[in-house]
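Report on the following structure.
Labels below follow one simple rule: chain letters A, B, ... track the order of the sequence lines, proteins then strands, and each chain is numbered from 1. Remember, predicted model here, so these are calculated numbers, not experimental data. Heavy-atom basis, side chains included; hydrogens, waters and symmetry copies ignored.
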Protein chains: 2
Amino acid sequence: MKRKVTLKQIAKELDVSISTVSKALRNSIEISEDTRQKVQAFAKLYNYRPNNIALSLKNRKSNTIGIIIPEIVHHFFSKVITGIELVANKKGYNVIVGLSNESFDKEVINMQMLANGSIDGFILSISKETLQHQDYHHFVETINQGMPIVMFDRVVHEIPCDKVIVDDVKGAKKAVEKLITNGCKHIAIITTKDYVSVGKLRTQGYLSALEDHKIEPKSSLILKVDDKLLSDDNLDALEKEVELLFQSNKKIDGVFAVNELYAVTAMKVARKLGYSIPDDLQLISFTDGVLSKHSTPSLSTVSQHGQAIGEKAANLLINRLEMDHGDDNEYDEEEEVYETIIIETNLIERESTK
Amino acid sequence: MKRKVTLKQIAKELDVSISTVSKALRNSIEISEDTRQKVQAFAKLYNYRPNNIALSLKNRKSNTIGIIIPEIVHHFFSKVITGIELVANKKGYNVIVGLSNESFDKEVINMQMLANGSIDGFILSISKETLQHQDYHHFVETINQGMPIVMFDRVVHEIPCDKVIVDDVKGAKKAVEKLITNGCKHIAIITTKDYVSVGKLRTQGYLSALEDHKIEPKSSLILKVDDKLLSDDNLDALEKEVELLFQSNKKIDGVFAVNELYAVTAMKVARKLGYSIPDDLQLISFTDGVLSKHSTPSLSTVSQHGQAIGEKAANLLINRLEMDHGDDNEYDEEEEVYETIIIETNLIERESTK
DNA sequence: TTGTACGCGTTATCAA
DNA sequence: TTGATAACGCGTACAA
């Protein structure tokens, strides 16, 4: 079992100095054709590759991006990672993933672990717990230490950093308007508690659509699910809540859900209660994932273009990383300008709407 | 914008030597109570954290695990990552993810990028293209350079490394036997081409179950899907193939599919053709993911326990990493012993079977 | 054309 | 009790 070969070993073996080897490998004109070839041949033979860690230390740059997301078993987040990875690799960056599991503590710890030299910047989506606590000191600290952050999807606008978001309000509004034009009179929404920023915004879009069409919102048609009730494998609580919603509002003919799971569950419950889809009841879900595409009937959704979000976020981060370069002593006080990019959603119509 | 504070800066500020600071922070008894407190207070104030990169270089150990998987938008792989991450973080390791996108070249490049000091070992599942080419030199080289690999799910037994797999044959067999005991007489299988190791094994299990029950296998009941036909968003090809299967075998009363997508598609096609589930047709799928759980009717599946696989793989790798430590000069020739751990599957019965 | 010396941030060893 | 030095692997400015 031979260890990885280093410049030092090559130098010793060939009886030249380390810097000669280094230069020879980088095709420096300082080195004679002769030794250059000799060194390169030897390096190839032993499959020499520069040690990334040493380079990172020397350059104070790891060429690695840290991603922190609440959970990975989630089509949207996976898609975003795919997008980030695509762009990052193309530009010579690696990607390192940390999961917060929707926990504040894990988010903080994970960021600390990564921020100590392992990565050059973060791309992240905030955990629910953090949003609820509204404690953002770890983001501020990270940024103050000169490490850029790009937030996506679940963002906090107080934090000075680039952001990539979806037009949640508009996307939700378009969806609800679709239901309205399709003839729905009694549209329910299944959403999250308000501290989840995207849930709140989508609820806003729902209300706005109603208002525009002079439909009086009814609080009994608004179900705000407390996802603390929901463990991964116990969906009974959710089903019961949804069932209650239908039973206390017999006239419901449209449902807008802020995520796939809520929509699929609503569909299941509705069918059990005898609704025919889309004749008696039409549904649209935010987030386009596997569930929507493959459910029967298939679900109409608001697509968020997760991969595009990831790509955009990676581009923003890398641009900033390569721009900041050498900013150390110059216009330190110059006000930084941050972008917030809005990725347009679009409505994908499938079988759950007419 | 203050850069991260280093030992050197603290030393200068407090007018002591770097090594004094280092020792003070590590609570060395060599240092006087007095200076120790002074240093620690200062370090806390400036939020000092040791630079991971420098530590990695010094210790020749990054405490980071590299994961290479074919794709992330896949419930099973996501679950495995979750499991790996869980164990890794608990033991002080980070996790860095590379995607091969089922491509041989990307697999090789990704491994090279990571193997140069960034990580201490790999956990990976082989890409389809690699399996097809049967070119495994990159695995062999990596292992020869002293970097341990743990393979999971899609493995190659020729490579000397630890492996975590599922009892694919047995799991498939149990599933098909369930269909048989439930009264199915004409059971079709929807599987992959044979070069996908797990597809082949599951097909084997299917055949074995039939044989045990003295049922003659019929090639017309075996559909081997060529997934090169299938782009992410074009599932028509798959649907057509499945439809053909049903139309040329009117007596099919049971379907075993090697993954969720195939199963859900089969269910959709069958319902379109007028089958009632589970009365006319029963289905079981390998792989337990979101699709199965939330489809209507919900799908009975063979659960692979992705998270358990990830946890086991991480444990294997970390154990080996911490065992190898200092093995440099001792019994170098001692034959390494590798484990292959088999994670038992179990059948989850839902509405698609009686 | 080649080699020496330094620094990136840390720790371990040895000297003061 | 503290400090100087070397080392991890690399690249580069400068000296030979």
Side-chain angles (χ1 to χ4, degrees), chain A residues 2-40 43 46-64 115-120 145-146 325-326 328, chain B residues 2-40 43 46-64 115-120 145-146 325-326 328:
Chain A
K2 28 174 190 177
R3 280 246 159 273
K4 288 232 68 169
V5 60
T6 68
L7 288 186
K8 194 200 257 189
Q9 291 165 36
I10 300 183
K12 193 161 133 199
E13 212 70 38
L14 260 46
D15 206 34
V16 289
S17 82
I18 295 179
S19 58
T20 302
V21 177
S22 172
K23 287 172 186 166
L25 288 176
R26 329 194 90 240
N27 279 314
S28 162
I29 40 164
E30 294 181 20
I31 303 297
S32 71
E33 185 59 28
D34 208 38
T35 42
R36 205 192 311 173
Q37 298 218 334
K38 196 174 59 178
V39 170
Q40 295 198 352
Y46 280 88
N47 195 26
Y48 169 79
R49 303 251 182 260
N51 181 316
N52 279 331
I53 292 290
L55 288 178
S56 299
L57 184 58
K58 180 155 185 45
N59 304 329
R60 290 143 139 201
K61 183 151 189 336
S62 61
N63 272 266
T64 302
N116 301 315
S118 304
I119 63 157
D120 299 333
Q145 284 175 348
H325 201 67
D328 255 353
Chain B
K2 26 173 191 181
R3 282 243 159 274
K4 291 231 66 171
V5 61
T6 68
L7 289 185
K8 195 200 258 190
Q9 290 165 36
I10 299 182
K12 194 160 128 197
E13 212 68 39
L14 261 46
D15 205 37
V16 289
S17 80
I18 296 180
S19 50
T20 302
V21 176
S22 172
K23 286 172 187 165
L25 290 175
R26 331 195 88 241
N27 279 316
S28 162
I29 38 162
E30 294 181 18
I31 303 297
S32 71
E33 185 59 26
D34 209 37
T35 44
R36 206 192 310 170
Q37 298 217 336
K38 196 173 55 179
V39 170
Q40 296 197 351
Y46 281 87
N47 196 25
Y48 169 81
R49 303 253 182 260
N51 180 314
N52 281 330
I53 294 288
L55 288 178
S56 300
L57 183 60
K58 177 140 190 58
N59 304 330
R60 291 140 134 199
K61 184 153 192 325
S62 61
N63 271 266
T64 301
N116 301 316
S118 303
I119 62 156
D120 298 333
Q145 284 178 347
H325 199 68
D328 255 351

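When rounded to the nearest whole Å, the span between CG of A:Asp15 and C1' of C:dT2 equals 12 Å. D:dT2 atom P lies 12 Å from atom CG of B:Leu14, rounded to whole Å. Between the CD1 atom of A:Ile18 and the P atom of D:dC14 there is a distance of 20 Å, given to the nearest Å. Here the P atom of nucleotide D:dC8 and the CG atom of B:Asn59 are 13 Å apart, to the nearest Å. Rounded to whole angstrom, the span from the CZ atom of B:Arg60 across to the P atom of D:dC10 amounts to 11 Å. Per the geometry, CD1 belonging to A:Ile10 stands 12 Å off P belonging to D:dG9, to the nearest Å. Atom CG in A:Asn116 sits about 12 Å away from atom P in C:dT11, given to the nearest Å. Rounding to whole angstrom units, CG of residue B:Leu57 and C1' of D:dG11 are separated by 13 Å.
If you check every strand for non-hydrogen atoms under 4.0 Å, B:Leu55 touches sugar and phosphate atoms only.
Within the 4.5 Å cutoff, no side-chain heavy atoms of B:Tyr46 are placed close to those of B:Ile10. In this structure the side chain of A:Leu25 reaches within 4.5 angstrom of the side chain of A:Leu7, judged on heavy atoms. Side chains of A:Glu13 and A:Val5 form no contact here, defined as non-hydrogen atoms less than 4.5 Å apart. Here the side chains of B:Lys8 and B:Lys12 are not in contact, with every heavy-atom distance at 4.5 Å or above.
A distance of 10.0 Å separates CG in A:Leu57 from CG in B:Leu55, rounded to the nearest 0.5 Å. For the atom pair CG (A:Asn51) and OG (A:Ser56), the distance works out to 8.0 Å, reported to the nearest 0.5 Å.
Within residues 20-39 of chain B, the residues that have a heavy atom under 4.0 Å from DNA chain C are, in order of number, B:Ser22, B:Lys23, B:Arg26.
Counting only distance, with no hydrogens or angles, the side chain of A:Asn59 and the backbone of A:Lys61 share no donor-acceptor pair below 3.5 Å. In terms of modelled atom types and a separation under 3.5 Å, the side chain of B:Ser22 and the main chain of B:Ile18 share no donor-acceptor contact.
Counting heavy atoms of neighbouring residues, nucleotides and ligands inside a 6.0 Å radius, atom CG of B:Asn27 exceeds 12 of them.
Two residues, B:Lys4 and A:Ser17, neighbour DNA chain C, and the one matched to the more 5' nucleotide by heavy-atom proximity is A:Ser17.
The side chain of A:Thr6 sits closest to D:dC10 out of D:dC10, D:dG3, C:dG9.
Look at B:Tyr48 and you'll find a side-chain N or O under 4.0 angstrom from OP1 or OP2 of C:dT10. Considering only side-chain N and O atoms, A:Lys8 lies under 4.0 angstrom from the phosphate OP1 or OP2 of D:dC8.
The base of D:dA4 is paired with the side chain of B:Ser19 by a donor and an acceptor separated by under 3.5 Å.
Helix bend of the helix from C:dT1-D:dA16 to C:dA16-D:dT1: the angle between its two end axes, each built from five pairs, comes to 70° after rounding to 10°.
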